[in-house]
Amino acid sequence: MHRRSMGVLLLVLLGCGRKPPYEGRSVSELERMLDDPSPTVQVQGAYGLGLHGVEARPAIPTLIRALGSSRVLVRQQAAIALGQIGAADGEAVPALTAALRDPEWAVRRQAAVALGQIGPPARAAETDLRRCQRDPHTLVRKAVE
């Protein structure tokens, strides 16, 4: 076996026993992860919050703040989490509507999907969502169909 192949195999085997950083964490612990200086930790925190669904509603303001991150993956995962959490009162709608104008297509797409998941409280975003039907990226346009 080549030295490189052994290294990859060793990494895979060592990594298999470790649980993901978001696993087993409470909503408040995951929310604190969004304030970590590491973007990787922030993404993991947002991902974990999304898995908690409506139970993670107290973290909505922190996820809204994460939509303003300089890191694309943090903004994208924050939008995904906001959609998974929902927001019956529409608290996240203005921030997700603003994310429809993000320079990165992946963030625009996830914001559109999240607004669809939020449902009726997201009606305020209808005009902006219609504008996304002319987005230059196919996946953004498909998200608003």
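E29 places a side-chain N or O within 3.5 Å of a backbone atom of S26 that can act as its donor or acceptor partner. A side-chain donor-acceptor contact under 3.5 Å links R108 to the backbone of D102. Counting only distance, with no hydrogens or angles, the side chain of R75 and the backbone of V107 share no donor-acceptor pair below 3.5 Å.
Crowding of Y47 atom OH: a count of heavy atoms from other residues, nucleotides or ligands under 6.0 Å not exceeding 12. Atom CZ of R131 is surrounded by more than 12 heavy atoms from other residues, nucleotides or ligands within 6.0 Å. For R141, the CZ atom sits in a packed shell: over 12 heavy atoms of surrounding residues, nucleotides or ligands are nearer than 6.0 Å.
Listed here is the closest heavy atom pair of V140 and W105: CG2-O, 3.4 Å. What you find for Q84 and G50 is that their closest heavy atoms are OE1-CA, 3.1 Å. The shortest non-hydrogen separation linking V27 to A59 is CG1-CB, 4.4 Å. Between Q42 and S69, the shortest heavy-atom contact is OE1-OG, 4.3 Å. When every heavy atom of A79 is checked against every heavy atom of A114, the shortest pair comes out as O-CB, 3.3 Å. The shortest heavy-atom contact between P39 and V74 is O-CG2, 3.8 Å.
A chain of hydrophobic side-chain contacts below 4.5 Å, direct or via other Ile, Leu, Val, Met, Phe, Trp or Tyr residues, connects L51 to I85. Placement of V144 and I80 in two distinct hydrophobic clusters is found when ILVMFWY residues are connected by side-chain heavy-atom separations under 4.5 Å, directly or transitively. Follow the hydrophobic side-chain contacts under 4.5 Å out from V113 and you never reach L129; the two are in separate clusters. Follow the hydrophobic side-chain contacts under 4.5 Å out from V43 and you never reach I64; the two are in separate clusters. Note on V41 and L67: same hydrophobic cluster, where clusters join Ile, Leu, Val, Met, Phe, Trp and Tyr whose side-chain heavy atoms are under 4.5 Å apart, directly or indirectly.
A distance of 8.0 Å separates OG1 of T62 from CG of L49, quoted to the nearest 0.5 Å. Taking CG of L115 as the reference point, atom CG of L100 lies at 5.5 Å (rounded to 0.5 Å). The structure places CG of D128 at 12.0 Å from CD of Q133, a figure rounded to the nearest 0.5 Å. Atom CG of L63 sits about 13.0 Å away from atom CZ of R57, to the nearest 0.5 Å. The structure places OG of S28 at 12.0 Å from CE of M33, a figure rounded to the nearest 0.5 Å. The CD atom of Q117 lies 8.5 Å from the CD atom of Q110; values are rounded to the nearest 0.5 Å.
P61 is listed as a side-chain neighbour of E91, based on a closest heavy-atom distance under 4.5 Å.
Taking 4.0 Å as the cut-off between side-chain N and carboxylate O, R32 and D35 do not count as a salt-bridged pair.
Remark: T97 pairs with no residue by the side chain to side chain donor-acceptor pair (under 3.5 Å) rule, at least two apart or across chains.
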